[in-house]
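To start, the structure under review is shown below, and the notes come after it.
Owing to the predicted nature of the structure, the values given are computational and were not obtained by experimental measurement.
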Amino acid sequence: MGFTSIDGVTVKENRLTLPSICIGTMVGSYDYYVDRPKEKNDLHGIGAFVMMCEECSRAYSK
């Protein structure tokens with residue numbers, strides 16, 4: 001089963017790397033959001049990733 005939300009995540013020396021996270025937060029159009037600069041391991045993406053992992057864990061443990 002593939003999860004597109006985790007495509008590109010890498011593990012090296014027991015550390016996850018989340019690529020291409022949109023930096024910062026701002027309200028705007030979808031095009032504005034996806035065209036913003038991207039960075040590895042930006043905290044906005046890490047928080048969302050952790051919440052996604054928790055929800056997947058709950059869903060699969062039932």
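- Contact check for Ile21 versus Glu39: no side-chain heavy atoms found under the 4.5 Å cut-off.
- Taking all atoms of both residues into account, the shortest heavy-atom contact from Val9 to Leu18 is CG2-CD2, 3.4 Å.
- The stretch residues 43-54 participates, sequence neighbours left out, in these salt bridge (charged side-chain N to carboxylate O under 4.0 Å, His left out) pairs: Glu54-Arg58.
- Put simply, Val50 and Leu16 are part of the same group of oily side chains (I, L, V, M, F, W, Y) that touch within less than 4.5 Å, one to the next.
- Placement of Leu43 and Met52 within a single hydrophobic cluster is found when ILVMFWY residues are connected by side-chain heavy-atom separations under 4.5 Å, directly or transitively.
- Nearest heavy atoms, Lys38 versus Ile23: C-CG2, 4.3 Å.
- Considering OG of Ser20 and CG of Asn41, their distance stands at 11.0 Å, rounded to 0.5 Å.
- Ser57 places no side-chain N or O within donor-acceptor distance of the main-chain N or O of Cys53, the cut-off being under 3.5 Å.
- Under the 4.5 Å side-chain heavy-atom criterion for grouping Ile, Leu, Val, Met, Phe, Trp and Tyr, Met51 is not connected to Tyr60 through any hydrophobic cluster.
- Here the CG atom belonging to Asp31 is positioned 13.5 Å from the CZ atom belonging to Arg36, to the nearest 0.5 angstrom.
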